[in-house]
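One structure is given below, encoded as structure tokens.
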Amino acid sequence: MAAPALAKRPCSSPSASASCREAKRLRPAPAPAPMERHDAAAAAAEVSTTTSQQQSQPLLPGLPDHLAQLCLSTLPPRLMHAVCRPWRRLLYAPSFPPFLSLYALLEDAGDGGASFAAYDPIAARWDGLPTPPMPSPPPTLCHPSFLSRRLPLQSVAAAGKLVLVAGSTQSLHPALCRPLVFDPAAALAPRWQVGPKVPLAPRRWCAAGAARGRVFVAGGVGAGYDLAVARSGATWDPATPSAPWEPLPPLRDGRFSRDAAEAVCSGGKVCMVNLRGSGAKEGAVFDLVAGRWEDMPPGMLAGWKGPAAASPDSGDMIFVVDEERGALNAYDWGSDRWTTVAEAGRLKGAAEMAAGGGRVCVVSHGGAKVVVVDVTPKAGRSRGSTTPAPPRMWEVEAPAGRRVVSLHVLPRMTRPE
């Protein structure tokens with residue numbers, strides 16, 4: 001993922017834009033004065049000619065566009081964005097290799113409403129996602145009985161898609177009986193789709209994550225506590241929306257039904273703990289090859305003191321932020337130990353995180369900012385020295401008037417030509 005710069009532009013609101021367009025449609029534009037009619041027509045013709053010329057302009061003179069795309073795919077996205085409009089349009093075409101963006105669930109600081117947006121690190125701006133087809137009643141982030149915390153709306157990044165898997169209604173019942181899938185790389189336009197029914201029963205407060213491109217869900221509670229649901233698990237391939245969920249062997253007990261937890265895949269194993277934060281907790285590991293549940297290594301469990309994520313670009317390495325120390329730690333399977341990668345005050349109190357493209361992105365400052373940490377190997381060495389240098393960090397501000405609740409790293413959204 002290209003290094004995002006600070007962004008202070010507000011997220012675009014689909015409803016506000018629609019209202020604005022409707023107002024403009026209902027309010028006729030004033031007719032030009034008689035002496036201005038010829039000038040207006042000439043200006044319109046000039047704009048039309050310029051647009052047509054830009055659309056017909058070759059990407060690279062002397063080369064067919066399909067060959068030019070192969071050449072341009074080796075350039076840094078930030079350079080392509082700065083050169084010319086045809087190259088900029090190509091960056092967002094479905095046929096062009098995508099760069100990575102941040103996708104966030106946002107909470108309105110005023111009414112607590114939920115929305116989704118993607119941060120484009122090349123253009124340094126937030127773009128609103130289409131409104132998902134929520135069921136009735138919809139999931140909520142706030143409840144009078146939980147004034148000190150939000151109700152989770154659990155989401156997963158799998159197979160290049162954003163998948164909503166679990167949430168709670170105002171009556172504290174499961175909100176989603178089917179997953180909602182957002183495909184940012186859809187050929188015509190990014191859109192939401194509805195997946196197959198979750199097995200056994202809809203659930204909330206479960207462990208959710210991605211494992212080898214598949215959605216992974218385990219534990220949780222339904223409308224009431226049911227041991228069969230609390231011990232159940234399943235996987236699903238969002239790349240094949242019509243495919244059914246495939247069940248997992250049951251958990252040993254129903255302890256993974258007390259909190260919404262991350263299920264993190266690393267080394268062919270899915271790791272999860274039953275409680276968030278730095279308190280005492282229990283862990284479990286599912287071996288994807290052997291198809292069985294195992295105990296979590298003691299060192300891994302002892303160091304799991306905050307939000308966790310695995311980075312496919314770093315050999316599926318698991319990262320955890322110690323929310324009390326403000327330390328970003330990486331886990332080593334061989335030694336069963338955590339190693340501190342970075343430590344900073346702005347990482348304290350971390351609530352959510354995501355990893356991808358050699359970056360670890362941490363929600364901080366109560367959701368007002370996202371701290372981005374460069375964890376690529378080249379970022380860890382000082383020039384002319386064998387001593388690891390502190391990794392680079394920078395911040396991305398949340399859209400004005402909103403807080404980041406959760407986030408994922410996924411390919412950028414396509415844009416219509």
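Here the structure is a predicted model, which is why all the values come from computation and not from measurement.
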How close do [X] and [Y] get, counting heavy atoms only, and between which atoms?
X: Cys361; Y: Val370; result: CB-CG1, 3.9 Å
X: Gly268; Y: Arg212; result: CA-NH2, 3.5 Å
X: Pro94; Y: Thr414; result: CA-CG2, 3.8 Å
X: Val229; Y: Ser232; result: O-OG, 2.8 Å
X: Ala327; Y: Thr340; result: CB-CG2, 4.3 Å
X: Val217; Y: Cys206; result: CG1-SG, 3.9 Å

Audit row: Leu75, Trp87, side chain to side chain contact (heavy atoms under 4.5 Å, CB included) steps and yes/no: CA-CA 11 Å; Leu75 297 180; Trp87 288 17; 3.9 Å; yes

Backbone of [Y] reached by a side-chain donor or acceptor of [X] within 3.5 Å:
X: Trp192; Y: Pro130; value: yes
X: Arg231; Y: Gly254; value: no
X: Asp374; Y: Arg392; value: no
X: Gln170; Y: Cys142; value: yes
X: Tyr119; Y: Ala398; value: no
X: Asp259; Y: Ala261; value: no
X: Arg346; Y: His365; value: no

Whether Trp338 and Trp304 hold their rings parallel, tilted or perpendicular, with breakpoints at 30° and 60°: perpendicular

Parallel, tilted or perpendicular, as decided by the 30° and 60° cut-offs, for the rings of Tyr92 and His81: perpendicular

At what distance, to the nearest 0.5 angstrom, does [atom1] of [X] lie from [atom2] of [Y]?
X: Trp205; Y: Leu172; atom1: CH2; atom2: CG; result: 8.5 Å
X: Leu67; Y: Leu72; atom1: CG; atom2: CG; result: 11.0 Å
X: Glu352; Y: Ser364; atom1: CD; atom2: OG; result: 12.5 Å
X: Phe96; Y: Leu90; atom1: CZ; atom2: CG; result: 4.5 Å
X: Met317; Y: Thr339; atom1: CE; atom2: OG1; result: 8.0 Å
X: Lys269; Y: Met296; atom1: NZ; atom2: CE; result: 11.0 Å

May I ask you to test the [X]-[Y] pair for a side-chain heavy-atom distance under 4.5 Å?
X: Leu176; Y: Val165; answer: no
X: Val409; Y: Leu102; answer: yes
X: Cys271; Y: Ile318; answer: yes
X: Ser155; Y: Leu105; answer: no
X: Met413; Y: Leu129; answer: yes
X: Ser101; Y: Pro121; answer: yes
X: Val221; Y: Arg204; answer: yes
X: Trp236; Y: Pro179; answer: yes

Side chain to side chain contact (heavy atoms under 4.5 Å, CB included) assessment of Glu397 paired with Glu395: CA-CA 6 Å; Glu397 295 186 4; Glu395 296 176 347; 5.9 Å; no

Within residues 233-248 or reaching into it, pairs that qualify as salt bridge (charged side-chain N to carboxylate O under 4.0 Å, His left out) - sequence neighbours excluded: Arg214-Glu246

Greater than 12 external heavy atoms within 6.0 Å of Lys305's NZ: no

Between Tyr331 and Asp336, a side-chain donor and acceptor under 3.5 Å: yes

Arg325 with Glu343: basic N within carboxylate O range, under 4.0 Å: yes

Check against side chain to side chain contact (heavy atoms under 4.5 Å, CB included), Leu164 and Met134: CA-CA 10 Å; Leu164 308 185; Met134 291 295 188; 3.8 Å; yes

